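Everything on this sheet refers to the single structure shown next.
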Amino acid sequence: MNILVVGNGGREHAICWKLAQSSLVDKVIAVPGNGGTAFEEKCVNVDPKNCDYIVENGDHPYVQVAKHENCRMVVIGPEDPLADGLADVFWNAGIPCVGPKSAGAQLEASKDLSKKFMKEYNVACAASETFVNQEAAVEYVKKHGAPIVIKADGLAAGKGVTVAATVEEAVAAIDDIMNSGRVGNAGKKIVVEDYLEGVEISVLAAVSCTPEYAVQGSACIVPFLPSRDHKRLMDGAKGPNTGGMGTVCPLDDVTPEMMAEFDKTILQPTLNGLIKEKFDYRGFIFFGVMLTKNGPKLLEYNVRLGDPETQSVLPLMDFDFAAMCMAITNGTLKDFEMKWKKGYQVSPVMVSGGYPGDYKKGLPITVNENLLKLSGSKIFYAGAVCGRCENDDELLTSGGRVLACSAYGTTFKEAWDKAYNGIKAVKFDKAFYRKDIGLPGAAESGKL
């Protein structure tokens with residue numbers, strides 16, 4: 001079968017790569033894709049803007065592409081199209097879609113709605129208050145004290161959260177979010193949240209939940225292996241927050257007992273909430289979790305796979321990813337058997353100089369293919385596009401996070417060595433990467 005994948009980041013490159021490994025899949029159509037998906041086996045990039053068969057007043061352009069390419073399933077990568085209802089559009093067109101419909105996608109699109117959901121269904125999380133008035137928010141912060149967390153309510157591309165160490169920092173963050181216009185309408189409402197001390201992990205999961213499945217007893221959330229994203233720019237968890245400087249999976253510091261507590265206090269209450277709200281949620285969910293001395297606490301929901309966590313989690317799947325996606329859409333996920341490779345995946349990220357601030361685009365990327373092959377690692381491109389001419393195999397940088405170099409090993413050290421040997425095979429002007437992904441002291445953490 002043919003499958004359409006929506007998105008153009010590193011997560012989508014990894015999704016396309018994993019789908020293409022399936023014997024069920026003949027072709028993967030990346031819309032619009034990137035410089036990595038363009039050269040992936042079984043994959044082709046399609047930009048609806050360049051398709052002469054798109055009818056202006058017809059179906060949604062992505063639906064037209066899916067029908068033209070005879071796609072039997074769609075996987076939506078990013079959060080924005082999910083929040084805007086793209087999954088609804090595909091289902092209405094009769095095309096099964098992996099990604100929650102718009103109502104469920106608001107769990108990421110609105111921090112306020114998300115916190116209300118957590119409180120309503122007794123999901124373990126930090127206490128919080130929501131504000132639309134800046135003066136009221138500042139007054140609350142001054143009374144509460146710091147450290148404290150300030151979050152823009154809406155989608156802000158990872159730029160809407162500030163962990164303020166002092167009241168002054170918190171007040172400045174409130175002003176920045178609500179007044180500067182930096183995050184647009186996402187900052188008209190803010191959530192002020194208690195600071196949680198502990199160690200952060202990411203738990204990605206598959207979800208198959210509809211009112212019909214709930215009645216049948218087949219509604220479920222099935223977690224993947226826990227992973228960790230390193231968000232600070234520099235070694236030793238220093239510098240500004242980024243969209244992610246590298247990931248590792250699984251985690252030696254996460255015990256079966258911790259995961260059992262996560263299941264009891266976060267995952268199952270979330271499933272109960274999805275059922276009670278009668279959401280049609282067939283896709284993925286990302287639990288951002290803080291492991292505290294009082295047990296796991298949910299920081300946030302993302303309604304899709306994490307980026308760059310996907311680049312470490314998917315390679316460890318020892319099962320057919322396309323078959324699992326089909327199980328999500330047809331209500332058989334509860335009976336789907338997930339097996340995982342015994343070992344580790346390490347994925348440091350290479351970024352453009354200046355990131356997460358201003359950086360140049362259009363820089364040529366060169367890869368020593370022999371060195372990369374010897375390393376045993378795999379590159380997942382994120383901010384990279386094909387060269388200046390059509391069908392040009394030159395890759396140019398197009399974003400801050402340019403790529404992740406992901407490697408498997410039966411031991412953590414083997415995976416780490418392979419990944420960093422792979423990194424050495426890649427060059428572009430002012431390229432930067434952390435040299436401590438997965439090592440002790442690399443992740444931000446507090447006292448448990």
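Bear in mind the structure is a predicted one, so any value in this text is a computation, not a measurement.
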Check your understanding: Is the shortest distance from a Lys or Arg side-chain nitrogen in K111 or D153 to a carboxylate oxygen in the other one below 4.0 Å?
Key -> no

Practice item. State the CD1-CD1 distance between I190 and I177, to the nearest 0.5 angstrom. Key: 6.5 Å

Point to revise | Atom of V349, atom of A404 and distance for their closest heavy-atom approach | key: CG2-CB, 4.0 Å

Point to revise | Under-4.0 Å salt bridge between K231 and D229 | key: yes

Check your understanding: Less than 4.0 Å between a side-chain N and a carboxylate O, is that true for E168 and K142?
Key -> no

Point to revise | Main-chain N/O of G236 paired to D436 side chain as donor or acceptor, under 3.5 Å | key: yes

**Study point:** Pairwise distance CG(N294) to CD(E261) - rounded to 0.5 angstrom
**Key:** 10.5 Å

Check your understanding: Can you find a side-chain donor-acceptor pair between E79 and N302 that sits under 3.5 Å?
Key -> no

Check your understanding: From D194 CG over to I148 CD1, what is the distance, rounded to the nearest 0.5 angstrom?
Key -> 6.5 Å

Point to revise | Trace of the side chain to side chain contact (heavy atoms under 4.5 Å, CB included) decision for M245 with Y355 | key: CA-CA 11 Å; M245 292 299 296; Y355 174 81; 4.3 Å; yes

Point to revise | Qualifying residues under side chain to side chain donor-acceptor pair (under 3.5 Å), relative to K413, sequence neighbours excluded | key: D417

Exercise for review: Might you point out which heavy atoms bring A415 and V346 nearest each other, and give the distance in Å?
Suggested key: CB-CG2, 3.8 Å

Review point. Can you tell me how far CE of M324 sits from NZ of K18, rounded to the nearest 0.5 angstrom?
Key: 10.0 Å

Point to revise | Exercise: identify the closest heavy-atom pair between G283 and I328 | key: N-CG2, 3.4 Å

Practice item. Taking the six-membered ring for Trp and the full ring for Phe, Tyr or His, determine whether the centres of F319 and W340 are under 6.0 Å apart. Key: yes

Review point. Charged N to carboxylate O below 4.0 Å: is that the case for E129 and K115?
Key: no

Practice item. Over all heavy atoms of both residues, which pair between L314 and I15 is shortest? Give the atoms and the distance, please. Key: CD2-CA, 3.9 Å

Check your understanding: Pick one: which of V191, D112, V149, V192 meets side-chain contact (heavy atoms from CB on, under 4.5 Å) with S128?
Key -> V191

Point to revise | Sequence-distant partners of D253, salt bridge (charged side-chain N to carboxylate O under 4.0 Å, His left out), two or more places apart | key: R228

Practice item. Would you confirm whether the ring centroid of F262 sits within less than 6.0 angstrom of the ring centroid of F287? Key: yes

Check your understanding: Does one side chain, of E12 or N34, offer a donor that lies under 3.5 Å from an acceptor on the other?
Key -> no

Check your understanding: Just checking, is any N or O donor in the side chain of S102 or D88 under 3.5 Å from an acceptor N or O on the other one?
Key -> no

Review point. Who passes salt bridge (charged side-chain N to carboxylate O under 4.0 Å, His left out) against E309, sequence neighbours left out?
Key: none

Review point. What are the two closest non-hydrogen atoms of P315 and K341, and how far apart are they?
Key: O-NZ, 3.1 Å

Practice item. Describe, in one word, how the ring planes of Y301 and F117 are oriented to each other, choosing from parallel (under 30°), tilted (30 to 60°) and perpendicular (over 60°). Key: perpendicular

Review point. In terms of heavy-atom contacts, does CG of D358 have more than 12 from other residues, nucleotides or ligands at under 6.0 Å?
Key: no

Show me the side-chain donor-acceptor pairs of residues 65-76 shorter than 3.5 Å, one per line, residues at least two apart or across chains.
from: K67; atom 1: NZ; to: D59; atom 2: OD2; distance (Å): 2.8
from: E69; atom 1: OE1; to: K27; atom 2: NZ; distance (Å): 2.9

Check your understanding: What's the spacing between Q106 CD and L82 CG if we round to 0.5 Å?
Key -> 10.0 Å

Check your understanding: Does one side chain, of E414 or T410, offer a donor that lies under 3.5 Å from an acceptor on the other?
Key -> yes

Check your understanding: At what distance, to the nearest 0.5 angstrom, does NZ of K427 lie from CG of L363?
Key -> 14.5 Å

**Study point:** Summary of side chain to side chain donor-acceptor pair (under 3.5 Å) pairs that have at least one residue in residues 363-375, sequence neighbours excluded
**Key:** S375-S377

Study note, to complete from the structure: Residue pairs passing the side chain to side chain donor-acceptor pair (under 3.5 Å) test with at least one member in residues 395-409, sequence neighbours excluded, are Q345-S406, S347-S406

Exercise for review: Identify whether NZ of Lys or CZ of Arg in K435 sits under 6.0 Å from the centre of the six-membered ring of Y433 and within 45° of that ring's axis.
Suggested key: yes

